[in-house]
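What follows is a set of notes on a single structure, which appears directly below.
The structure displayed is predicted, hence computed values, not measured ones.
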Amino acid sequence: MMSLKSASVSYPYGVRNSVYSKGYHQGIDLVSKDRAIYAAVAGAVIKVAYAGGQGADPTGWGNYVILRSKNGNYDLIHAHLASVKVTRGQTVNEGTILGMMGRTGNTTGPHLHFEVRRAPWTNNNEINPAVFLGIENKEGPVKNVSANSSEEGKKVVRNIILCNPGPDERAAAYLADHLKAPVCYLANVTKEFIDCAEKVYVIGNNYQAAEKSINIIGVDRYDTCQKVLDLCKGK
């Protein structure tokens with residue numbers, strides 16, 4: 001389930017920003033008028049803390065709760081909480097209220113910063129939280145990308161699009177708009193992200209992300225864009 005009800009995405013996963021330790025936003029920021037934060041999956045609370053610094057990851061998280069999924073594979077991070085309703089070591093069910101959305105720590109306004117990392121979270125090895133939740137990774141009201149899901153965020157996304165930063169991003173954006181699919185940089189992609197998808201499109205690069213990869217490469221960026229547009233038109 002979603003960590004916030006009737007939520008909107010205010011800051012997507014993967015946005016480039018030098019303030020972050022990896023140079024991009026490792027989580028997804030969600031806002032809602034309903035400020036209760038719910039456990040997206042069943043698990044155990046492994047950390048409840050406060051970090052009031054000016055940085056990020058995790059020095060600027062304010063009040064935060066980390067929930068380890070029941071299967072032990074993922075650590076779910078919930079940051080900037082106004083208040084916390086659980087304690088370390090507590091076992092929770094899907095839908096348990098973990099706390100209330102707030103603006104503690106290094107933040108410009110009330111929101112939930114939500115991350116999913118492969119356990120243990122201290123290894124800083126995240127997966128796309130939008131894929132985990134089964135939603136589109138773009139600003140605006142939350143939209144589900146697939147009705148197919150299974151426990152612990154094993155969502156099935158019909159398509160994902162991979163590219164490198166730079167000229168190929170425009171072609172990737174065209175295809176993403178046509179397929180209503182998320183885009184991720186090749187440098188950031190994880191096996192879990194790829195495994196969530198039925199089809200993987202790689203734009204402007206011959207990298208084989210998986211056996212199911214569909215590589216679209218032109219002689220230059222303009223030709224790559226044209227090939228994408230032809231695909232969108234069914235040519």
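- Under the side chain to side chain contact (heavy atoms under 4.5 Å, CB included) test applied with Tyr201, the options Ile160, Leu175, Leu162 reduce to a single match, Leu175.
- Met2 and Val116 fall within the same hydrophobic cluster, where Ile, Leu, Val, Met, Phe, Trp and Tyr residues are linked whenever their side-chain heavy atoms come under 4.5 Å apart, directly or through other members.
- Put simply, OG on Ser3 and CD1 on Ile77 are 12.0 Å apart, with the number rounded to the nearest 0.5 Å.
- The shortest heavy-atom contact between Pro12 and Ile28 is CA-CG1, 4.2 Å.
- Taking both residues in full, the closest heavy atoms of Gly105 and Tyr50 are given as N-OH, 4.4 Å, listed atom of the first, atom of the second, then distance.
- Once rounded to the nearest 0.5 Å, the distance linking NE2 of His78 with CG of Leu112 reads 6.5 Å.
- Atom CG of Leu98 sits about 13.0 Å away from atom CG of Asn63, to the nearest 0.5 Å.
- Remark: Thr107 pairs with His111 by the side-chain hydrogen bond (donor to acceptor under 3.5 Å, both in side chains) rule, at least two apart or across chains.
- Looking only at distances, no side-chain donor or acceptor of Arg68 sits under 3.5 Å from a matching main-chain atom of Gly43.
- The CD1 atom of Ile135 sits 7.5 Å away from atom CG of Asn137, with the distance rounded to the nearest 0.5 Å.
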Could you check Lys47 against Tyr64 for side chain to side chain contact (heavy atoms under 4.5 Å, CB included), going step by step and ending with a plain yes or no?
-> CA-CA 8 Å; Lys47 190 174 182 65; Tyr64 66 96; 3.0 Å; yes
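- Taking both residues in full, the closest heavy atoms of Cys163 and Val183 are given as SG-CG1, 4.2 Å, listed atom of the first, atom of the second, then distance.
- Taken from CG in Leu30 to OG in Ser8, the straight-line distance is 8.5 Å, to the nearest 0.5 Å.
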Would Asn125 and Arg117 count as a side chain to side chain contact (heavy atoms under 4.5 Å, CB included) if you check the C-alpha gap in whole Å, the side-chain angles of each, and the deciding distance to 0.1 Å?
-> CA-CA 5 Å; Asn125 194 1; Arg117 298 185 184 182; 5.8 Å; no
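- Using the six-membered ring where Trp is involved, Phe132 and Tyr74 have ring planes that are perpendicular, over 60° apart on the 30 and 60° scheme.
- The closest side-chain heavy-atom distance from Arg118 to Ile127 is below 4.5 Å.
- When every heavy atom of Arg88 is checked against every heavy atom of Ile46, the shortest pair comes out as NE-O, 3.4 Å.
- Taking the six-membered ring where the residue is Trp, the centroids of His25 and Tyr13 are separated by 6.0 Å or more.
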Would you mind writing out the side-chain donor-acceptor pairs for residues 214-222 within the sub-3.5 Å range, not counting sequence neighbours?
| unit_1 | atom_1 | unit_2 | atom_2 | d |
| --- | --- | --- | --- | --- |
| Asn215 | OD1 | Gln208 | NE2 | 2.8 |
| Asn215 | ND2 | Asn205 | O | 2.7 |
| Asn215 | ND2 | Tyr207 | O | 2.9 |
| Asp220 | OD1 | Tyr222 | N | 3.1 |
| Asp220 | OD1 | Asp223 | N | 2.8 |

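- Between Lys85 and Gln90, the closest heavy-atom pair is O-OE1, 4.5 Å.
- Between the side chain of Asp75 and the backbone N or O of Trp121 there is at least one donor-acceptor pair closer than 3.5 Å.
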Distance-only check: which donor-acceptor pairs under 3.5 Å involve side-chain atoms of residues 31-41, not counting sequence neighbours?
| unit_1 | atom_1 | unit_2 | atom_2 | d |
| --- | --- | --- | --- | --- |
| Ser32 | OG | Lys5 | O | 2.5 |
| Ser32 | OG | Ser6 | O | 3.4 |
| Ser32 | OG | Asp34 | N | 3.1 |
| Ser32 | OG | Asp34 | O | 3.4 |
| Asp34 | OD1 | Ala36 | N | 3.2 |

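- The closest donor-acceptor contact from the side chain of Thr104 to the backbone of Leu81 lies under 3.5 Å.
- Heavy-atom minimum distance, His80 versus Gly62: ND1-N, 4.4 Å.
- Atom CD of Glu115 and atom CG of Asn124 lie 7.5 Å apart (nearest 0.5 Å).
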